[in-house]
Amino acid sequence: MLLNKKGSGARWRVRPDGPDKVTGKLAYLTDMTAPDMLIGRVLRSPHAHARITAIRTEHAAALDGVHAVITHKDVPGLNRFGIAHPDQPVLCEDRVRYVGDAVAAVAADTLEIAEHALRLIEVDYEPLPIVEDAEYALTDEAPQLHPQGNLLHRNGFQRGDIAAGFDSCAHVVEETYYTPRQMHTYMETEGGLFIPGEDGRLTVYSPTQHGFMDRMQLARILAIPQSEIRIVSSPIGGSFGGKDELNVQPYGALLARITKRPVKLHNSRWESVRAGLKRHPMKITMKTGVDDSGRLIAHQVRIIADTGPYATLGAEVLNFAVEHVIGPYRYEHLDVEGFSVYTNNGMSGEFRGFGGNQAIFALEGQFDRLAEKLGMDPWELRLRNMRRSDDPGPFDQPIALTEGAKQVSAAMTSSPLWQERSNPAAKAAQDEPWIRTGIGAAFTMHGAGLGFGIPDPAGGRLTLAADGKIEAVFGYEEFGQGLIASLEQMLIEQFGFASGDIRIVIGDTDIVPESGSTTASRATSMMWKSLQNLRPLFEDAVLGKAADILQLPASRLRFGEGGVYAIEASPEPDNPKCLMTYPALAAACWEPVTSSTQFHFPTSDTQKVGAHFLYTYSAVAVKVEVNQLTGRVRVLHQYHAVAAGPVINPQGFLGQIEGGSSMAIGFALTEDAVMSGGQYLTKNLDTYLVPTIAEHRGTIDVQPIEELPEEDNYGPRGIGEVGSVTLAPAIAAAIYDAVGVRVTKLPIDSELLLAQSFDSFLDKAVSGE
């Protein structure tokens, strides 16, 4: 089954939330309002690093229409937040560490009054030296940003004798790779509506990828029990990891509790830029050696990740990068170390790919350079060193065994796009001699789930509700990835329900079970596994009730569209008769019939924190054209082979790969939130260039590989991230194929590319080539 924009493939359905989204009828959480609502705003530091010597709020508090002005003194509980390492101040006490740091917040009748009140708050700052270079931050001379220093986290993995390994190598490549500070650029910026109830409970309508984690953090900040907070976290207008961490929630919650009125906050784009998370910029230095046959002998890596002023999940992103710079290959000797470092730059954190994008750009670049030294086809070099199906994972940990690596490699190398690479006629000169085309490829295995040693709960609930609807209840969030559509599809195909029989309930901590975070390419996998666990339980419970009422053996009954049907002794008739509708069955029961499941995301039998057990494999080929007069690169065609087990939702599968590849085009070619002196030079979308429809004119073919070993009971692997991971190194390889320029820094500098490729173009023009 080849998926592409033409819509080929089986089981295509209209998304349940599709019509409302395309017509604009759907209300996102930040669209909500409430009677008697106030507007909240946050005062943020103009300095990247400074000491606070005084905060005066009297003039702002006296302004007509202002109902609350708060500082750190008004935080009743923990004045810190952070999913794994709560070190970020809700409101700074005596020091600011980046230009997004929050110092005060106000609630007022209107946005204009709130903005005026912010200008009336007087803060005395004493500027401090700025740490803007992550490597400098690790030196003894650098100012220390936290009591424990500037090192958030260090991780590594070693095997063998790295020095002896390099001594025995026939060829060695050393290179340093740089990746950018990429923005999530969701359409719906951070925001929410915060409503205090008469009973003292607080209801939070705010985009997040883990409502239960938000509830836990807010309870610590407010110093109240978690039971007094309700989080409604769906639908969301995009997240990609950026709303996994708290953003405006502490301020809205505090202001609503103090004023006892609903408060709405919604970041402007500039506030989202300065205060929101970005992809970790990384410097990755690699030294890799092979023998004369191309067999990998030694691999040494040093990663420096700029995590910004506070932790959020910087340590966990580094762990993922350390794992994935080893990646899908076999080595004799390994020496990998990584450092996640505090600086006064903007906040870095969770982002689709979670450190894998940076790691694979560097790793695949090494293979292309080694292949050139060996005079070998770059894909042949990969094949010689690719992990076998029964090999352990990158950290030598046990992993789920599949043939995914071999399958995606075979699919990619047999694709028409890759075959075109060796066809001289297909690469003949263009009508414009300054346009050159090239084809490149890259490969990855991408870990799913949070990894060993990290709580990663899963589970869900099915209920025959009082009105006869089949309720599927999960603690996940819909943020554009198609989760609702995939869940509906699984219920239809696995149970036999009709779409009209189903009611999906997600993203409300008062109702749903703890299903874990909607992140790390885990939600669809865990919904599938939950339904596998629930099916026999729910069938026994509901069909057992139906059997009692119908006076038939439960073994002779099945679910179907609209109700319960008999399992025919002979082949089923074309129009089987429904014996009892779901509403009739529900009415005959004294109470709703419910089945639940709880379990943990599968992990390896290892002691290496963060090591993964389930992987998605992907190989990508891409064709680009390079304009040697302008240095502009255009992506013409993409081919993605993805081994992730059964395809649950074909259009969702295609949409995830297409969406991820769009982000990867930006990562490779245009996107960088540029900073200097701790200040953003990129402040809005007029200077931060995300790919537009003009950059998506090329075709995208996606080849899903659904086969899993017979004994595999883990089901579909996640594909939400892998489409964003492998395209950038493939583009870099295609550029080299086109104009002979090696890329080490993203986004690719068209001026540097122009300078090198134009010299080559002139040389060929003079020689008559």
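As a basis for the values below, the full set of heavy atoms in this structure was taken, side chains included, without hydrogen atoms, waters or symmetry mates. In what follows, residues are counted from 1 in the order of the sequence shown.
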Within-4.5 Å side-chain heavy-atom neighbours: [X] and [Y]:
{"X": "Val702", "Y": "Gln656", "answer": "no"}
{"X": "Tyr615", "Y": "Pro394", "answer": "yes"}
{"X": "Leu614", "Y": "Pro602", "answer": "yes"}
{"X": "Ile284", "Y": "Phe361", "answer": "no"}
{"X": "Arg717", "Y": "Val722", "answer": "no"}
{"X": "Thr179", "Y": "Asn357", "answer": "no"}
{"X": "Ile748", "Y": "Ile731", "answer": "yes"}
{"X": "Pro691", "Y": "Thr670", "answer": "yes"}

Quiz item: Do you know which of Lys745, Arg369, Arg742, Lys373 makes salt bridge (Lys or Arg N to Asp or Glu O under 4.0 Å) with Glu175?
Solution: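 So, applying the salt bridge (Lys or Arg N to Asp or Glu O under 4.0 Å) to Glu175 and each of Lys745, Arg369, Arg742, Lys373, only Arg369 qualifies.
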
Quiz prompt | Residue of the set Asp396, Asp390, Asp391 for which salt bridge (Lys or Arg N to Asp or Glu O under 4.0 Å) holds with Arg330 | solution =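 Testing Arg330 for a salt bridge (Lys or Arg N to Asp or Glu O under 4.0 Å) against Asp396, Asp390, Asp391 leaves exactly one candidate, Asp391.
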
Any donor-acceptor N/O pair, [X] side chain to [Y] backbone, under 3.5 Å:
{"X": "Asp87", "Y": "Tyr310", "value": "no"}
{"X": "Tyr639", "Y": "Trp418", "value": "no"}
{"X": "Asp368", "Y": "Ala733", "value": "no"}
{"X": "Asn345", "Y": "Gly308", "value": "no"}
{"X": "Thr682", "Y": "Val674", "value": "yes"}
{"X": "His333", "Y": "Asp161", "value": "yes"}
{"X": "Asn150", "Y": "Pro143", "value": "yes"}
{"X": "Asn344", "Y": "Tyr98", "value": "no"}
{"X": "Glu721", "Y": "Gly353", "value": "yes"}
{"X": "Ser525", "Y": "Pro716", "value": "yes"}

Looking at [Y] and [X], is there a salt bridge between them, counting it only when a charged N and a carboxylate O are closer than 4.0 Å?
{"X": "Glu323", "Y": "Lys608", "result": "no"}
{"X": "Lys278", "Y": "Glu671", "result": "no"}
{"X": "Arg295", "Y": "Asp291", "result": "yes"}
{"X": "Asp377", "Y": "Arg421", "result": "yes"}

Rounded to the nearest 0.5 Å, what separates atom [atom1] in [X] from atom [atom2] in [Y]?
{"X": "Gln358", "Y": "Lys283", "atom1": "CD", "atom2": "NZ", "result": "15.5 Å"}
{"X": "Lys287", "Y": "Ile162", "atom1": "NZ", "atom2": "CD1", "result": "8.0 Å"}
{"X": "Lys406", "Y": "Ile705", "atom1": "NZ", "atom2": "CD1", "result": "12.5 Å"}
{"X": "Tyr178", "Y": "Ile304", "atom1": "OH", "atom2": "CD1", "result": "10.5 Å"}
{"X": "Leu152", "Y": "Phe339", "atom1": "CG", "atom2": "CZ", "result": "12.5 Å"}
{"X": "Glu403", "Y": "Glu707", "atom1": "CD", "atom2": "CD", "result": "11.0 Å"}

When you compare the side chains of [X] and [Y], does any donor N or O come within less than 3.5 Å of an acceptor on the partner?
{"X": "Thr285", "Y": "Thr176", "answer": "yes"}
{"X": "Gln209", "Y": "Ser517", "answer": "no"}
{"X": "Gln182", "Y": "Arg352", "answer": "no"}
{"X": "Ser348", "Y": "Asp306", "answer": "no"}

If you look at every heavy atom in [X] and [Y], which pair is closest and at what distance?
{"X": "Ile297", "Y": "Ser168", "value": "CG2-OG, 3.5 Å"}
{"X": "Leu681", "Y": "Ser676", "value": "CD1-CB, 4.0 Å"}
{"X": "Gly294", "Y": "Asn385", "value": "O-ND2, 2.9 Å"}
{"X": "Ala520", "Y": "Leu450", "value": "CB-CD2, 3.7 Å"}
{"X": "Ser409", "Y": "Leu383", "value": "OG-CD2, 2.9 Å"}
{"X": "Gly356", "Y": "Val725", "value": "O-CG1, 3.9 Å"}

Quiz item: Are His49 and Arg95 close enough, and set up right, to give a side-chain hydrogen bond (donor to acceptor under 3.5 Å, both in side chains), and what steps lead you there?
Solution: CA-CA 7 Å; His49 194 200; Arg95 190 176 182 183; 3.0 Å; yes

Quiz item: Relative to the ring of His146, is the ring of Tyr342 parallel (under 30°), tilted (30 to 60°) or perpendicular (over 60°)?
Solution: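 Rings of Tyr342 and His146: tilted, as their planes differ by 30° to 60°.
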
Exercise. Take His612 and Ser604 through the side-chain hydrogen bond (donor to acceptor under 3.5 Å, both in side chains) test and state the conclusion after the steps.
Key: CA-CA 6 Å; His612 290 81; Ser604 288; over 6 Å; no

Self-check item: Steps toward side chain to side chain contact (heavy atoms under 4.5 Å, CB included) verdict (Phe354, Glu316)
Solution: CA-CA 8 Å; Phe354 208 74; Glu316 290 70 23; 3.9 Å; yes

Exercise. Mind running ring pair (Phe, Tyr, Trp, His ring centres under 6.0 Å) on Phe320 and His446 for me, showing each step along the way?
Key: CA-CA 9 Å; Phe320 199 94; His446 188 81; 5.0 Å; yes

Quiz item: Does the cation-pi check pass for Arg522 over Phe601, that is, NZ or CZ under 6.0 Å from the six-membered ring centre and within 45° of its axis?
Solution: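 No, Arg522 does not sit over the ring of Phe601.
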
Self-check item: Criterion side chain to side chain contact (heavy atoms under 4.5 Å, CB included) on Val408 and Ser618, from CA distance to verdict
Solution: CA-CA 6 Å; Val408 298; Ser618 175; 5.6 Å; no

Self-check item: Which residues share a ring-ring contact (aromatic ring centres under 6.0 Å, His included) with Phe452, sequence neighbours left out
Solution: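 So Phe452 forms no ring-ring contact (aromatic ring centres under 6.0 Å, His included) with any residue.
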
Quiz item: With Gln397, which of Asp605, Thr603, Thr606 fulfils side chain to side chain contact (heavy atoms under 4.5 Å, CB included)?
Solution: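 By the side chain to side chain contact (heavy atoms under 4.5 Å, CB included) criterion, Gln397 pairs with just one of Asp605, Thr603, Thr606: Thr606.
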
Quiz item: Mind checking what makes salt bridge (charged side-chain N to carboxylate O under 4.0 Å, His left out) contact with Glu364, not counting sequence neighbours?
Solution: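 For Glu364, the residues satisfying salt bridge (charged side-chain N to carboxylate O under 4.0 Å, His left out) (neighbours in sequence not counted) are Arg382.
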
Quiz item: For the rings on Phe367 and Phe443, is their centre-to-centre separation under 6.0 Å?
Solution: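 No, the ring centres sit 6.0 Å or more apart.
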
Quiz item: When the ring centroid of Phe351 is compared with that of His280, is the distance short of 6.0 Å?
Solution: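 That pair fails the under 6.0 Å test.
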
Self-check item: Candidates Glu350, Gln88, His85 - the one meeting side-chain hydrogen bond (donor to acceptor under 3.5 Å, both in side chains) with Thr312
Solution: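 Passing option: Glu350.
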
